[in-house]
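Working notes for the structure below.
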Amino acid sequence: MISDIPRVRFAPSPTGYLHVGGLRTALYNYLFAKNIKGKFILRIEDTDRNRYVQGAVENLISTLNWAGIDYDEGPEKGGEYGPYLQSERIDIYSQYADLLIKKKKAYYCFCSSERLTKLREEQQKQNKQSMYDKHCLGLTGEEINRNLSTGLPHVIRLNVEPGKVIKFNDHIREDVEFSSNVVDDQVLIKTDKYPTYHLANVVDDHLMKITHVIRGEEWLSSTPKHVILYEALEWEIPIFAHLPLLLNADRSKLSKRQGDVAVEDYKKKGYLKEALINFVALLGWTAGDDKEYYEIDELISSFSLDRVNKSGAIFDIEKLNWLNEEHLRKKSDIELLKMLRSELQDSKFSGQEYNDEYLINVIEVMRETVSFIKEIFEKGFYFFEEPTTYEEAGVKKRWNNQSAEILKQYKTKIELITSPTREDYENALKDTALQNNTGNGNVIHPLRLAVSGVTGGPGIFDILYIIGKEKTINRIKAIIEKLN
RNA sequence: GGCCCCAUCGUCUAGUGGUUAGGACAUAGCCCUUUCACGGCUGUAACAGGGGUUCAAAUCCCCUUGGGGUCACCA
């Protein structure tokens, strides 16, 4: 047995941001580990020096932290099997590459990139899969030593034995088979001495005692290479689970060109981490019942690899929006207050001061009407500034030649009350309507236009009460001036 | 193109041989509400096609079609 307790890992390469597909992979690993009291490891696969991005690792970690996916071992945290940055492990990989050469499971290759390109082009012309032709496998020991001692640039390649059937079991897809004839003699160690993904991944998964390799389906076709490596090194093969891909609306692999893919983008737009996690968890997994709303601990307790789907899932923003509303509604006023205050900083009202009581009043009446907390500043702008224009269609429909006079009367009534309650506003309104022998609507709608400029929103008496007597009176004066 | 994976409403999915094929999002309508929402109710909407196996197939097998992934000294 590799390890008594299940150990899984999320092994992203630091490209600058965390992809939502990556988030889902990380989440499934995390949920799986937490569900069976295993360990979740974060390992950074930074073996491509050409693609090194400054600050990418920190960014990755902080995004993971934001999402609430915390790891047991990894960079910044350490652990028994570190270091967890592959760039700090290159000696380890070269040691195993040497071992593979000794076992004749790998060999030096001195081919120039020109030769390789030419070879590939010819193969493509014939509509064949491009594969290395094992040219350097025929080199004698003498030739190899000579090349090595003259410092000729070289790589180390996996020696794939043709004519074999590579079988492995995938937890999600069950038995998968490849012919070794279609497995390329993959480069294991590059000219710059850094390992490729395939070597580093297998070595680390073994050394870090990973029991379950849970990763995206894009890795399925390179899994035979990994199986060959495990066998060559005489190591126990972990359980593979290849997750279905996240897709664009046109069913291609989720990509930047067709929308936001970075977790940060969703964070910026105001999505709750709870909603994103909930949504992404349901993209490819279901507990089998009709439950759609999940808190993180519910996901942990019901998650199982057995119920992960096989087919790709389109990232449907509509459902995410709905889940965001659902999670928003579960938040307490205090939590929303905290969020609203932070959004206030980024809003155009950032210079203004509001006390908690005021903001909580606004939250209470607005919370059911918004999908995002920042929408309170958009839909409920009139709690933060005077309306300067009045919705045209609303004016046309609700404002008539009596409206100014009716509002004047209403204003007079309010002026007489010292500090009006919601009921005072309501009673004054009913009285005004009665006096004019008209329906409440002929007061309500012009009044709503006066204080908010729009025709929709929370109950009118709530609005009046929250903005208060003075603003109510001023806004009534303003609309009469402007519309008459 | 080779290889591999996949296939139920527009979308996410339930379904493991016998169901009026269920739910959710979206969408349409109605109700609630003198506003907008929320909420409630109702509706439209799916087993890719063709062969088998079976008394019986969305479910098992095969083929076709379609979609996707992958074929780097990137991960």
Side-chain angles (χ1 to χ4, degrees), chain A residues 11-15 45-51 86 109 111 113 116-117 120 123-132 153-157 170 172-173 176-179 181-184 186-198 200-201 215-224 242 244-245 247 249-253 279 282-293 307 309-323 325 329 365-370 379 394 397-398 433 439-445 447-449 452 454-460 463:
Chain A
S13 69
T15 53
E45 312 230 323
D46 56 346
T47 56
D48 185 354
R49 293 195 296 172
N50 299 321
R51 291 214 301 181
Q86 289 188 329
C109 170
C111 289
S113 58
L116 262 20
T117 308
R120 197 173 304 136
Q123 286 164 334
Q124 277 166 2
K125 222 179 279 171
Q126 294 170 53
N127 256 333
K128 288 203 313 212
Q129 177 184 352
S130 60
M131 298 231 307
Y132 182 62
H154 62 273
V155 300
I156 297 175
R157 287 185 182 273
D170 184 278
I172 294 166
R173 281 150 226 286
V176 183
E177 268 187 31
F178 286 81
S179 159
N181 294 341
V182 301
V183 181
D184 197 11
Q186 183 66 49
V187 169
L188 264 19
I189 300 281
K190 299 180 258 186
T191 310
D192 64 5
K193 309 288 182 212
Y194 275 67
T196 57
Y197 171 86
H198 307 283
N201 190 268
R215 69 207 332 180
E217 198 196 332
E218 69 266 30
W219 294 110
L220 190 62
S221 48
S222 44
T223 304
H242 288 94
L245 261 18
L247 272 25
D250 69 356
R251 305 214 77 93
S252 57
K253 192 169 151 184
F279 173 63
L282 259 21
L283 249 29
W285 170 84
T286 164
D289 51 22
D290 291 336
K291 192 171 164 65
E292 304 269 352
Y293 177 92
R307 294 203 57 94
N309 279 118
K310 291 183 168 82
S311 48
I314 292 175
F315 192 93
D316 176 22
I317 202 90
E318 298 286 357
K319 191 140 187 183
L320 208 208
N321 290 343
W322 172 72
L323 278 169
E325 288 166 21
R329 303 226 162 94
V365 299
M366 291 299 291
R367 57 180 301 154
E368 294 291 309
T369 72
V370 297
K379 287 189 177 172
K397 189 173 175 193
R398 307 294 195 186
N440 291 345
N442 282 330
V443 191
I444 288 179
H445 298 299
L447 186 55
R448 179 181 287 283
L449 273 173
S452 74
V454 293
T455 53
I460 182 68
I463 298 179

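Proteins get letters first, then strands, A, B, ... in listed order; numbering begins at 1 in each. All of these numbers come straight from a predicted model, not from anything done at the bench.
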Give the nucleotide from the list B:A72, B:U35, B:C6 with an atom nearest to the side chain of A:R173.
B:C6
Choosing from B:U13, B:A24, B:U35, which nucleotide comes nearest the side chain of A:W322?
B:A24
Mind checking the P distance from B:C9 to B:A14? Whole angstroms is fine.
12 Å
Roughly how many Å apart are B:U34 and B:U42, using the P atom of each and rounding to a whole number?
25 Å
Kindly point out which of B:U34, B:A72, B:G69 is positioned nearest to the side chain of A:H445?
B:U34
Which part of the nucleic acid, if any, lies within contact of A:V182, taking any heavy atom under 4.0 Å across all strands shown: a base, the sugar-phosphate backbone alone, or nothing?
sugar-phosphate
Please examine the side chains of A:K310 and A:D170, heavy atoms only from C-beta on, and report whether any two atoms are closer than 4.5 Å.
no
Is there a side-chain polar atom (N or O) of A:R51 under 4.0 Å from OP1 or OP2 of B:A75?
no
Do any side-chain nitrogens or oxygens of A:R307 fall under 4.0 Å of OP1 or OP2 in B:G15?
yes
Of the listed nucleotides B:C25, B:U35, B:C73, the one nearest the side chain of A:L116:
B:C73
Could you please name the option among B:C38, B:U70, B:A37 that lies closest to any side-chain atom of A:E368?
B:C38
Quickly work out the A:E292 CD to B:U13 C1' distance and round it to whole Å.
8 Å
Are any of A:K190's side-chain N or O atoms less than 4.0 Å away from OP1 or OP2 of B:A75?
yes
Rounded to whole angstrom units, what separation is found between the CG atom of A:N181 and the C1' atom of B:C4?
15 Å
Report the distance from atom NZ of A:K397 to atom P of B:U35, rounded to the nearest whole Å.
9 Å
Using only side-chain N and O atoms of A:R157, determine if any of them is under 4.0 Å from OP1 or OP2 of B:A72.
no
Any idea which of B:A75, B:C12, B:A72 is nearest the A:K319 side chain?
B:C12
Quote, to the nearest angstrom, the C1' distance that separates B:G67 from B:G51.
22 Å
Less than 3.5 Å between a donor and an acceptor, one on the side chain of A:S311 and one on the base of B:C6, is that the case here?
no
Hey, is the side chain of A:T196 poking within less than 4.0 Å of OP1 or OP2 on B:A75, counting only N and O atoms?
no
Minimal non-hydrogen separation, A:Q86 against A:N201, with atom names
NE2-N, 4.0 Å
What nucleic acid atoms does A:T191 come within less than 4.0 Å of, heavy atoms only: base, sugar-phosphate, or nothing?
base
What interatomic distance, in whole Å, is found between C1' of B:A56 and the corresponding atom of B:C3?
38 Å
Taking the minimum atom-to-atom distance to the side chain of A:L245, which one of B:A14, B:C71, B:G68 wins?
B:G68
Any A:R251 side-chain N or O less than 4.0 Å from OP1/OP2 of B:G10
no
Can you check the A:N321 CG to B:U27 P distance for me, whole Å?
11 Å
Answer yes or no: is there a side-chain heavy-atom contact under 4.5 Å between A:F279 and A:W322?
no
Given B:G1, B:A75, B:U13, which nucleotide is nearest the side-chain atoms of A:W219?
B:A75
Below 4.0 angstrom from OP1 or OP2 of B:A7, is there any side-chain N or O of A:N309?
no
Whichever of A:I444 and A:H198 has its nearest RNA chain B nucleotide further upstream toward 5'
A:I444
Using a 4.0 Å heavy-atom cut-off across all strands, classify A:G216 as base, sugar-phosphate, or nothing.
nothing
Under 4.0 Å between any heavy atoms, over every strand shown, what does A:P224 touch: base, sugar-phosphate, or nothing? Just pick one.
nothing
More than 12 heavy atoms from other groups under 6.0 Å of NZ on A:K291
yes
Which is true for A:Q124 with a 4.0 Å heavy-atom rule: it touches a base, it touches only sugar-phosphate, or it touches nothing?
nothing
Looking only at the side chain of A:T47 (C-beta and beyond, no hydrogens), which of the listed nucleotides B:C12, B:A75, B:U35 gets closest?
B:A75
If you measure only the distance, is there a donor-acceptor pair under 3.5 Å linking the side chains of A:S252 and A:D250?
yes
Within less than 4.0 Å of OP1 or OP2 of B:U70, is there a side-chain N or O belonging to A:K253?
yes
Grab the CG-P distance between A:D184 and B:C4 for me, whole Å please.
16 Å
Sugar-phosphate only, base, or nothing, as touched by A:F178 at under 4.0 Å among non-hydrogen atoms:
sugar-phosphate
Spacing of the C1' atoms in B:U11 and B:U70 (rounded, Å):
26 Å
Taking the same atom, P, in B:G52 and in B:U44, what whole-Å distance lies between them?
34 Å
RNA chain B: 5'-proximal contact among A:C109 and A:D290 (nearest heavy atom):
A:D290
Gap between atoms CG and C1', on A:L282 and B:A14 respectively (whole Å)
12 Å
Can you tell me, in whole Å, how much space there is between the C1' of B:C47 and that of B:U16?
15 Å
Between A:W219 and A:Y197, how do the two ring planes meet: parallel, tilted or perpendicular, split at 30° and 60°?
parallel
So do A:H242 and A:V176 actually touch side chain to side chain, heavy atoms under 4.5 Å?
no
How many Å lie between CD1 on A:I317 and P on B:U27, as a whole number?
14 Å
Mind checking if A:P195 touches a base, just sugar-phosphate, or nothing, with heavy atoms under 4.0 Å?
sugar-phosphate
Quick one: label A:G288 by what it contacts on the DNA or RNA (base, sugar-phosphate, nothing), any heavy atom closer than 4.0 Å.
sugar-phosphate
Mind checking A:V183 for me? I need base, sugar-phosphate or nothing, with any heavy atom below 4.0 Å counting as a touch.
nothing
Euclidean distance, atom NZ of residue A:K379 to atom C1' of B:C38 [Å, nearest integer]:
11 Å
Shortest side-chain distance from A:Q186, nucleotide among B:C74, B:U13, B:A72
B:A72
Can you tell me, in whole Å, how much space there is between the P of B:A48 and that of B:U54?
23 Å
Test A:Q129 against A:Q123 for side-chain contact (heavy atoms from CB on, under 4.5 Å), laying out the working first.
CA-CA 7 Å; A:Q129 177 184 352; A:Q123 286 164 334; over 6 Å; no
